[in-house]
Each structure stands twice: as structure tokens, then as C-alpha cells.
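Quick caveat, the model's predicted, so the values are computed rather than measured. Every chain is numbered from 1, with letters handed out A, B, ... down the list of sequences.
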Amino acid sequence: MLMTHRPEYYHWNQWMFTRLYDRGLAYRKPSLVNWCPNDQTVLANEQVVAGLCERCDTPVTKKKLTQWYFKVTDYADELLDELETLRGTWPSKVIAMQRNWIGRSRGADVQFVIEGREAPIPIYTTRPDTLFGATFMVVAVDSDLAAELVSVADAGVQEEFAAYAERVKGDTEIERLSTERPKTGVFLGRYAINPVNGERLQIWASDYVLADYGHGAIMAVPAHDQRDLDFARAMDLPVRTVLNCLDDDGNPLPDPTESGVATTGDGTLINSGSLDGLDKAEAITAIIAELEKAGTASASVNYRLRDWLISRQRYWGTPIPIVHCDACGEVPVPDDQLPVKLPPTEGLDLKPKGQSPLAAATDWVNTTCPKCGGAALRDTDTMDTFVDSSWYFLRFLSPGKTDGPFDQAEAKKWAPIDQYVGGVTHAILHLLYARFFTKALRDMGMIDFGEPFTALLNQGMVQMDGSAMSKSRGNLVSLAAQLDEFGVDAIRLTMSFAGPPEDDIDWADVSPAGSAKFLARAWRLARDVSSEPGVDPALGDRELRAVTHRTLSEASELVESFRFNVVVARVMELVNATRKAIDSGAGATDPAVREAAEVVARLLSLFAPYCAEDMWSMLGHEDLVALSGLPPVDPALLVQETVTCVVQVMGKVRDRLEVSPDATEDELRELALAAPNVVRAMDGAPVRTVIVRPPGLVNVVVRK
RNA sequence: GCCCCCGUAGCCCAACCGGCAGAGGCAGCCGACUUAAAAUCGGCACAGUGCGGGUUCGAAUCCCGCCGGGGGCACCA
């Protein structure tokens with residue numbers, strides 16, 4: 001058993017941290033971070049769900065803090081491209097979500113000279129073809145760049161900017177994400193020069209440009225970007241169309257200047273100097289080439305993915321194994337001093353207060369620098385608990401190992417995980433982090449694979465009356481009460497039978513009473529069998545044996561492909577056939593009945609182990625059915641004596657023939673053409689062709 | 001706005017590589033057993049696959065376009 005809160009486990013989180021640190025994959029930086037005012041801690045991007053804290057649903061705000069990050073972005077391309085290797089074994093939904101989350105886009109960095117500033121400012125754009133349509137520039141209000149640009153503006157502008165920046169800071173993520181939000185901003189009194197035509201562009205600060213994407217600054221092309229157009233209209237800034245766009249029917253779209261709707265599709269360049277007459281793709285290639293020659297632009301790639309913020313201001317978690325020394329700076333704790341154990345919490349104020357509670361444990365915080373031996377302070381933050389689960393699957397292979405995180409030989413033998421099962425809620429949290437860790441560990445030479453989970457199944461959830469159970473809705477189903485009423489076997493069977501495992505189950509749609517009834521029906525078979533264990537099934541009723549062996553032959557494949565609901569349905573069929581054989585067929589003494597009842601018990605042990613074991617022992621066995629496996633399928637019993645051959649005329653079923661399973665194409669064609677119903681349907685029309693798929697189908701195509 | 005998934009009997013769901021639309025269950029109805037009921041056993045009925053095109057000898061299945069439902073991302077330049 002693994003307990004990730006114990007030093008025996010988090011020791012190796014710290015070991016991982018220092019290895020990542022050594023490779024430049026763990027680093028500290030000041031940044032505007034997600035802040036949960038209720039939990040009083042920072043959150044990773046992945047832990048902000050629709051603007052709310054993943055743990056407590058409080059609206060998240062922003063705060064400028066210096067925090068620890070894992071450099072997931074170093075692996076952005078690999079994390080994205082290797083999703084392709086998971087196609088087919090991972091749900092396409094999860095692949096799409098990760099793809100979306102990583103959000104790679106291709107474009108160009110373009111340098112804009114700023115009046116009164118020595119260095120030009122780079123902007124990122126996916127649409128360099130629209131450079132001639134740029135009519136102003138916008139920088140993120142919360143960026144360092146905005147603060148710098150405004151610092152030389154006159155007092156009125158500075159005041160206005162400061163007020164605006166303050167207002168924006170107070171906004172929650174929810175407010176920021178609102179699509180109906182009007183555009184706001186402040187003109188900084190500064191100008192940029194458009195490198196393609198030398199035009200002077202006003203520089204504005206606004207919250208619709210993000211500080212931490214691209215360069216935190218954009219060229220605004222209002223005619224061909226809706227956000228820029230909204231801003232231009234709100235601030236009364238010029239709009240210039242540089243692309244004549246057509247709609248799906250080839251008609252020209254209305255000019256954005258008039259319509260208020262930016263055109264983003266393909267078209268022909270206008271008002272764009274040397275680019276005039278080119279289409280979008282040609283213009284992008286041409287302008288990048290031209291500006292690269294001039295040294296003012298370069299092709300560039302950007303990602304939506306951010307580095308993983310792992311610092312938490314919580315008393316539980318793994319202490320970050322760093323010592324801050326005035327002389328040496330950040331010093332990772334050496335291996336032989338790990339683990340850095342959490343201090344005793346006695347006497348500490350553990351309430352969230354915006355600073356790690358560990359800071360109050362002064363005896364613990366005050367330490368000596370591992371490098372120079374001088375006085376130093378421990379880092380007081382703890383790690384995100386998602387660090388624990390990013391590599392636990394490797395720890396499971398050697399859980400007691402004391403001289404390393406996991407045994408590499410065991411990992412070579414067992415890992416990666418062939419089949420992982422988990423909720424879709426982890427699509428871009430755990431599953432992304434674990435993929436990152438795996439790739440990093442591979443690059444450290446500790447494992448020889450780059451993807452941790454070869455196949456993934458997202459199991460569904462149990463709902464009630466169309467939605468997730470919740471106290472406030474009052475649509476709760478007590479599992480304990482259901483178990484009391486129907487028993488664990490019936491409940492488990494109900495869930496398995498309700499539908500494919502990846503589907504949600506609505507408890508209002510299923511019938512645990514029906515499951516209990518079925519189990520009783522199956523159980524009675526074992527009670528009724530009156531032959532001795534070990535009788536030769538070959539002496540039994542062939543018809544029932546055929547059903548038994550057909551069930552067996554299908555069951556393995558169905559189980560392997562997780563179609564448990566179908567397996568249960570097949571067992572139900574076998575139970576029905578066996579019941580019939582006992583009551584009105586071969587009778588309870590027939591060896592085939594014993595064989596069938598035993599197969600029922602063996603297969604049911606997957607879903608209803610208690611019931612199955614009881615059946616097994618009632619059938620006279622001393623061992624466990626769970627360990628008994630499945631008997632081999634007798635292929636001879638799968639061969640049918642006759643099969644029904646469907647005869648179609650022009651694709652419509654007109655007759656059925658009972659034929660031998662190895663009837664030849666010619667025989668079937670002849671039989672079909674002679675069948676009276678077929679002759680009637682053909683109505684004298686000449687045969688054009690006859691399609692024969694032995695033994696089951698003949699289709700006569702006639703000339704009309 | 002972009003992306004992913006799903007629409008088959010009253011309901012939950014099967015249907016292999018395109019080949020008889022139905023395996024199983026729930027609910028329903030009928031019968032046997034019973035003084036009666038429960039339980040049990042047996043039987044019956046119910047859709048032409050969301051809509052419109054296309055490909056094909058043949059489409060629930062493949063392609064295109066809609067409609068409906070669920071989910072993800074989103075001021076990402």
C-alpha cells in the first residue's frame with residue numbers, strides 16, 4: 001500500500017524535485033498567479049475550472065507571487081505529437097482535450113520599433129498577412145511592459161493607467177471570461193512604428209491581451225479580428241480592411257468597417273503593397289520571408305499550455321526541498337539529507353492565511369546551508385499533491401524501496417501500464433502531469449518509455465434522474481441502503497449490465513431487483529443439477545452444449561474488450577437455455593446441464609463472486625471458482641448443422657433457405673434462383689448479376 | 001466561436017469487416033401453478049435505426065448537410 005502523505009513516499013517527491021531542478025525543469029519565478037481567496041493558496045492553471053477553484057468552487061483571482069514551477073512547456077511539442085500514438089487506445093475525447101489544452105499555434109514574431117524606446121517590441125501573430133491592416137497596438141495591462149511604457153507618460157495618463165490596472169486586478173476569472181464584456185483600456189500616449197509601412201500606431205493597455213501569452217503585446221487588426229474590432233469601435237480607432245473575404249457561396253462579405261463583424265476567412269489581399277492579389281496562405285509565406293530578410297520578423301510557435309505551478313501554501317503536502325541562503329542563493333537539499341520532513345504541527349496556526357503555515361515553525365525554517373554551512377532558511381511551501389500521482393504507478397512496482405524512488409529493473413519488466421482506468425475529470429490534470437513526468441524520467445535514463453498509460457478507459461458515473469447526485473438536488477441514492485437491500489453481488493451486476501462501462505448510468509433506469517432475481521435464477525440451476533462432478537460433458541445434450549460453448553467462445557473476447565454488459569446478457573441466455581433443458585428438455589441429470597451450470601458460475605464469478613462461489617460449492621467443488629478459469633471451447637460444438645441463407649432480390653429479403661454451412665457459391669446461386677419467392681419477386685426480369693456471400697446471403701440483381 | 005462524442009421498441013441497451021434490425025434486461029400484457037396472492041415457470045406485443053441527400057447489389061454501420069442531446073476549450077492574438 002502506498003501512503004503519499006508519509007515521508008517514505010514524499011521523500012521521493014523531493015528526490016524527483018531536485019532531479020528536475022538540476023535539469024532546469026524546476027524553477028522559481030515571480031508571476032501573476034491564480035489565487036483562491038477561500039483556501040488562501042495558489043492554484044495551477046489546470047486547477048481553475050471555469051474560473052472557480054477546483055477544490056472549493058470559489059471564484060479565483062490573480063496575485064503576483066514568486067512560486068515554483070515545473071517546466072512542462074519544454075515538453076509541449078512531445079506531449080502534443082505523441083498523443084497520436086495513443087489514438088485508438090485512449091478516448092478521442094481525452095486526446096482532443098489535451099490537444100486543446102496544449103494549444104499549439106503557428107505564426108510569426110514581428111518587431112515593432114517604439115518611439116522613445118531603444119529596443120523594439122516583439123508581438124506574436126498568427127496572421128502576419130494582415131500586417132498592413134494593423135491600426136494600433138495593445139499591451140497587457142498587467143504586464144511589465146505596460147508599466148514600463150507608461151512610466152514616461154504624462155501624469156494624467158499615469159493616473160488613469162494606475163486606476164485601470166487596479167480595477168482589473170480586482171476582477172475574478174469569472175468576470176474576465178464573460179464574453180459579453182465590453183472592451184476597456186487606456187491609451188498610453190506612446191507610439192509604435194509598423195515595420196511594413198512605417199505608420200505610427202497608438203499603443204493602448206487593455207485586459208483583453210494576456211500578459212503571459214506570446215509577448216504580452218499584439219498588433220491590432222480590427223478588420224480581421226473580432227476582439228480588435230470591438231476595441232476599435234469602443235475607443236473610436238481606425239479600421240482598415242486588407243482582405244476581401246467571400247462567404248461559402250462565393251459572395252463578398254460585408255466590409256467590417258460597416259458591419260461590425262470582423263472577417264477571418266480566406267480572401268484576396270488589398271491595401272497591402274506587395275501582397276496585393278495574394279491569398280491568405282501565400283501572403284503569410286511572402287511577408288514572413290520578406291521581413292525575415294529585413295530582420296524584423298521570424299516564424300514562431302506558441303502554446304496555450306503554461307508551466308505547472310506546484311507551490312502551495314498548505315501545511316500538508318511535500319515540503320519543497322530547497323534552502324535559501326544569503327550567500328549561495330537557492331540550494332537543493334542533498335540526497336543524503338532527504339527527506340525534509342514536515343515539522344510537528346503542534347502549536348502552529350494551520351488556518352489558511354496566504355502564507356505557508358510552515359513559516360511559523362521557526363525551529364524548522366531556520367537551518368544551515370548545505371553548501372556553505374551558514375545560516376539559511378527552508379522554503380516553506382509544499383508541493384501540489386498532483387506531484388504524488390505523477391509517478392506513483394512506478395512506486396507501486398517496488399513500494400518498499402528505500403534507496404531510490406522505484407526499482408528500474410521492475411519498471412523495465414512491468415511498465416508502462418497496459419490498461420489504465422479513471423474518470424474523465426483527470427483528462428488534463430493528472431494525465432498530463434503523469435505524461436510529463438514519464439518523459440522527464442525517460443530523459444534521465446530511469447525508464448525506457450515515454451508514455452505512462454498505453455490504453456485508457458474513462459469509466460462513467462452513476463447518476464440519478466439525469467444528473468450527478470448531490471445533496472442540494474436531493475437526488476441521492478445511498479449505496480449502503482442499496483447494498484443492504486439487494487446485496488453487493490446484485491449491485492455490482494446491475495452496474496456491469498446497465499451499459500458500456502464508459503457510459504454514465506442513471507440509477508433510475510436500472511433494476512437492482514431484476515439483478516437479484518436473475519442471480520437467484522442462476523443459483524437455482526446449481527441447486528437443480530443432479531449429476532456428479534466430473535461427469536463427461538461429451539455425453540450430454542448437444543443442443544445445450546452448443547449454447548454453452550458459443551457463450552464461452554464469445555465471453556473471453558467480450559471481457560477483453562470491456563463489453564461487460566454483453567457478457568452478462570450472454571450469461572442470461574445460457575441461464576435461460578439451461579433452465580429450459582432442466583424443465584422441458586434433457587433434464588437435471590444430463591451432463592450438459594452440469595457443464596452449463598458450471599460455466600454460468602465461472603462467468604458470473606466476474607460480476608457476482610459470492611453467488612458464484614456458492615454455486616460452485618453447491619455443484620460439489622472444493623476449490624474456488626474464482627481460480628478455476630474457463631474450460632476450453634470445443635470448436636466442433638460451434639459448427640451448426642444448417643444455416644439460414646437469406647435470399648434478397650435487389651437488396652430486399654424475399655426468401656430464406658436452410659443450407660449446409662459449407663454450401664458452395666454455385667450451389668447457393670442455383671438454389672436461390674430456383675426459390676419460388678425469388679422467381680416471383682424477379683417478375684421475369686433478366687438477371688444482371690448475383691452476389692453470393694456463402695453461406696448466409698445471396699442477392700439477385702436484376703435488370704429493370 | 002472552435003473541437004470531441006452520442007441519437008436503434010415506453011426505458012436501459014445488442015447488432016463482427018456494410019449483409020435477415022433484436023441478443024439480454026426493465027416496465028407492460030396473457031397463461032400455467034395456487035382457495036388466493038407472492039414466488040416460480042412459460043408465452044406475447046412493441047421500433048425500421050433523429051431528418052434530408054449521396055456512395056453501394058445491399059447502409060443502423062461509410063460520406064456530406066441539417067436537427068436534437070451531452071461534454072471540453074475559449075479575449076490565447
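The pair A:R579-A:D583 counts as a salt bridge, with a side-chain nitrogen and a carboxylate oxygen less than 4.0 angstrom apart. At a threshold of 4.0 Å, the pair A:D207-A:K62 does not count as salt-bridged, since none of the basic side-chain nitrogens sits closer than that to a carboxylate oxygen. Using a cutoff of 4.0 Å between basic side-chain nitrogens and carboxylate oxygens, A:R306 and A:D212 are scored as salt-bridged.
Between A:Y433 and A:W308, the ring center distance clears the sub-6.0 Å criterion.
Residue contacts shown for A:D583 are limited to sugar-phosphate atoms, with no base heavy atom under 4.0 Å away. A:R579 comes within 4.0 angstrom of the backbone, heavy atoms only, and of no base. Across all strands, A:V653 comes closer than 4.0 Å only to sugar-phosphate atoms, never to a base (heavy-atom distances). Among the atoms of the strands shown, none is found under 4.0 Å from any heavy atom of A:R550. When heavy atoms are screened at a 4.0 angstrom cut-off, A:Q648 is found touching base atoms of the nucleic acid. Backbone-only contact: A:P500 has heavy atoms under 4.0 Å from sugar-phosphate atoms and none from a base. Among the heavy atoms of the strands, none lies under 4.0 Å from A:T689.
Pairing of B:U61, defined by two Watson-Crick or G-U wobble distances under 3.5 Å, is not identified with any nucleotide. Pair assignment for B:C33: none, as no Watson-Crick or G-U wobble contacts are both less than 3.5 Å. Pairing of B:G68, defined by two Watson-Crick or G-U wobble distances under 3.5 Å, is identified with B:C6. Under the Watson-Crick or G-U wobble criterion, with both distances below 3.5 Å, B:U55 is left unpaired in every strand shown. Within the shown strands, B:C44 is the pairing partner of B:G28 under the Watson-Crick or G-U definition, both distances less than 3.5 Å.
With A:N699 contributing its side chain and A:G651 its backbone, the two residues share a donor-acceptor pair below 3.5 Å. Between the side chain of A:T578 and the backbone N or O of A:A597 there is no donor-acceptor pair closer than 3.5 Å.
At least one side-chain nitrogen or oxygen of A:K580 sits closer than 4.0 Å to the OP1 or OP2 atom of B:G43. Phosphate contact (OP1/OP2 of B:A74, side-chain N/O of A:N100, threshold under 4.0 Å): absent. Residue A:R521 has a polar side-chain atom (N or O) positioned under 4.0 Å from OP1 or OP2 of B:G42. OP1 or OP2 of B:C41 has at least one side-chain nitrogen or oxygen of A:R524 nearer than 4.0 Å. In this model, the phosphate group of B:C75 is not approached by any side-chain N or O of A:S206 to a distance below 4.0 Å at OP1 or OP2. Phosphate proximity of B:G58 to A:R688: absent, as no side-chain N or O sits under 4.0 Å from OP1 or OP2. Here A:N576 reaches the OP1 or OP2 of B:G25: one of its side-chain N or O atoms lies under 4.0 Å away.
Distance CG (A:L697) to P (B:U56): 19 Å, rounded to an integer number of Å. At whole-Å resolution of the value, CZ in A:R563 and C1' in B:G24 are 14 Å apart. Protein atom CD of A:Q98 is 19 Å distant from nucleotide atom P of B:C3, rounded to whole Å. A:L86 has its CG atom 17 Å from the P atom of B:C4, to the nearest Å. Regarding A:L456, its CG atom lies at a distance of 15 Å from the P atom of B:C5, rounded to whole Å. Straight-line distance from the CG atom of A:D528 to the P atom of B:U40: 14 Å, rounded to whole Å. The distance between atom NZ of A:K93 and atom C1' of B:G71, rounded to the nearest whole Å, is 4 Å. A straight line from CE of A:M572 to P of B:C12 spans 17 Å, rounded to a whole angstrom.
Taking the side chain of A:R304 as heavy atoms from C-beta on, and the options B:C57, B:A74, B:G72, the nearest nucleotide is B:A74. Nearest to the side chain of A:K183, among B:C13, B:G24, B:C75, sits B:C75. Counting only heavy atoms from C-beta on, A:K517 has its side chain closest to B:C26 among B:G24, B:A77, B:C26. The side chain of A:I691 lies closest to B:C57 when the candidates are B:C57, B:G24, B:C26. The nucleotide whose nearest atom lies closest to any side-chain atom of A:A96 is, among B:C13, B:C3, B:A77, B:C3. Proximity note for A:L210 (side chain, C-beta onward) versus B:C73, B:A77, B:G19: the nearest is B:A77. In the set B:U40, B:C4, B:C11, the nucleotide with an atom closest to the side chain of A:D509 is B:C11. Residue A:N699 places its side chain closer to B:G19 than to any other of B:G19, B:C4, B:C13. The listed nucleotides are B:C75, B:C13, B:A77; the one nearest the side chain of A:D207 is B:C75. Of the candidates B:A74, B:A14, B:C13, the closest approach to any side-chain atom of A:V566 belongs to B:A14.
For B:G48, the base is syn relative to its sugar; the glycosidic angle is within 90° of 0. B:C17 adopts a syn glycosidic conformation, its chi angle falling within 90° of 0.
Scanning for side chain to side chain donor-acceptor pair (under 3.5 Å) contacts around A:E554 gives A:R570, with sequence neighbours left out. In this structure, the side chain to side chain donor-acceptor pair (under 3.5 Å) partners of A:R104, at least two apart in sequence or on a different chain, are A:D77, A:D81.
Place A:G651 and A:V646 on RNA chain B by their nearest nucleotides, and A:V646 ends up nearer the 5' end. For the pair A:L305 and A:R570, both in contact range of RNA chain B, the more 5′-proximal nearest nucleotide belongs to A:R570.
When every heavy atom of A:S206 is checked against every heavy atom of A:V138, the shortest pair comes out as CB-CG1, 3.7 Å.
Using atom P as the reference point in both B:A21 and B:G50, the two lie 16 Å apart (nearest Å). Across the C1' atoms, B:C30 and B:G7 are found 34 Å apart, a figure rounded to whole Å. Between the P atoms of B:A60 and B:G42, the separation comes to 34 Å (whole Å). Going from the P atom of B:C6 to that of B:G28 covers 33 Å, rounded to whole Å. Taking atom P on both B:A23 and B:G43, the two are 14 Å apart, rounded to the nearest angstrom. B:G18 and B:C63: their C1' atoms are spaced 13 Å apart (whole Å). Taking atom P on both nucleotides, B:U8 is separated from B:C62 by 15 Å, rounded to a whole Å. The C1' atoms of B:C17 and B:C73 are separated by 36 Å, rounded to the nearest whole Å.
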Using the side chain to side chain donor-acceptor pair (under 3.5 Å) rule, take A:Q482 and A:W507 through it: C-alpha gap first, then chi angles, then the decisive distance, then the call.
-> CA-CA 11 Å; A:Q482 296 283 303; A:W507 205 248; 2.9 Å; yes
